[in-house]
Structure formats: structure tokens, C-alpha cells
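Chain letters run A, B, ... following the sequence lines, proteins first, then strands; residues in each count from 1.
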Amino acid sequence: MNIFRLSGDLSHLLAVIILVLKIWTTRSCAGISGKSQILFAIVYVTRYLDLVTTFVSVYNTSMKVIFIGASFATIYLMYSKFKATYDHNHDSFRIEFLLAPTVILALLINQKFTVLEVLWTFSIYLESVAILPQLFMVSKTGEAESITSHYLFALGSYRGLYLLNWIYRYYAEDHYELIAIVSGIVQTVLYCDFFYLYITKVLKGKKLQLPA
Amino acid sequence: KDNVQTKDEL
């Protein structure tokens, strides 16, 4: 554990908590892509299957349980409790265009051809693109509420901080994992445009609005 | 350098 890894995890934790609290307190999931949330649930479940096979630490197990729990709570709130506020029309990204290529890629490029390993690899690939339906929704409506922007910023920062963690581990521990690194770079790059708008607009107190 | 799994990560 190093400072980059810890900050990354806390940022990730902050993101999922912001999202659940936002939906719960405003009694609305307007502006949130249910499709991205479904993809994240798939990511957590396929990656954290090792919860039942290997024990790493109390920290590791608790975080995994929280991420899976928060993810399912979000889906429940969006598709059941506050269903009426879910903005279907703007959430029109076709997730099969993300699922199919990531499944194929995981079958082709992995470290070991075992069920757990392929699913882990698939979750890494899928996570790198899972935010696309949400970003697509923001670009379609042309704006995002501040709280949604904070959520996206925390969620995007998490993998960026992991990149720093991997650079650190490469030098300090002679340790690297190419699949995670390349996917992490892709994932972080996808947020760049959003990061720019967040820093230049939201942090200056303005609403995140895309240029017409 | 070892290209090993980062299964201790999240």
C-alpha cells in the first residue's frame, strides 16, 4: 500500500458514496446513466469473485464488499425505487458495443486461460470503457449537475491515481501488470475532456455545460 | 521486473 493507491481507493469510495447519497437525498437519478451503472456492477462482480477463493486483507475484503453493495444499491434505486426519475431517452448508448469487444479481448489477451482469470481480465477491460454511456449521456444533454460532476471527477481520478501507484510499484517493488496498466491508461484518457471542463467550469462555481 | 498479477488491488 502506498499513498497513490490509498488515495485512489478513497477517491473510488468517495465516488460510489456520492452517487448513492445524491440519488437518495434528491430522490432522483436524473442525469445518471443506468447503463454505466449496470456495467460497473458487472465489473465488480466479475473482478471480485476471488472474495470466495482468496483472502488478501480485511481492508481488501471490506472495499470489495462495499463496491459490490453500493453498485447494487444504485441499480435498485435507479431501476426500482426512483424509476420514474430515470432518464431513459438520454441513456441510449448500446452497451453490447462495449460488452462484445471486451469479452472477445479477454478471451484473446489474458495471462492464463482459466475461468477466474478470463473474468478478471474482462472486468479490467470493461471497467476502462464502462463510463462511456454516462459520458455519452452528458454530451447528449449538454450538461451535468454539479454533484454528478463531482461523482465523475472522483471516479475518473481513482484510476489516474492507480497509474501513479503502478509507476511507484514498478520502481519500488519490481512489480507491474501490463493488462491493468494499459487499460488504466485508456480509462483515464477517456476522462480527459471531462477533467478539463470540470477544472475550468465546475471548480469556478459554474455548471458543467458543454459548448454548443 | 516481474509481470505479476495485481490481485491485491481493487
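- Around CG of A:N2, the count of heavy atoms belonging to other residues, nucleotides or ligands within 6.0 Å exceeds 12.
- Distance check, rounded to the nearest 0.5 Å: CG of B:D8 to NE2 of A:H175 gives 6.0 Å.
- For A:R94, the CZ atom counts as loosely surrounded, since its 6.0 Å shell holds 12 or fewer non-hydrogen atoms of other residues, nucleotides or ligands.
- For A:Y196, the OH atom counts as loosely surrounded, since its 6.0 Å shell holds 12 or fewer non-hydrogen atoms of other residues, nucleotides or ligands.
- Both the backbone and the side chain of A:N60 come within contact range of chain B, with heavy atoms under 4.5 Å apart.
- Residue contact with chain B, scored on non-hydrogen atoms closer than 4.5 Å, involves the side chain of A:Y158 exclusively.
- Nearest heavy-atom pair across A:F67 and B:L10 is CE1-CD1, 4.2 Å.
- At a threshold of 4.0 Å, the pair B:K7-A:E117 counts as salt-bridged, since one of the basic side-chain nitrogens sits closer than that to a carboxylate oxygen.
- The environment of A:F195 atom CZ is dense: over 12 non-hydrogen atoms of other residues, nucleotides or ligands sit within 6.0 angstrom.
- Across A:R5, A:E177, A:M1, A:M63, a single residue satisfies side-chain contact (heavy atoms from CB on, under 4.5 Å) together with B:E9, and that is A:R5.
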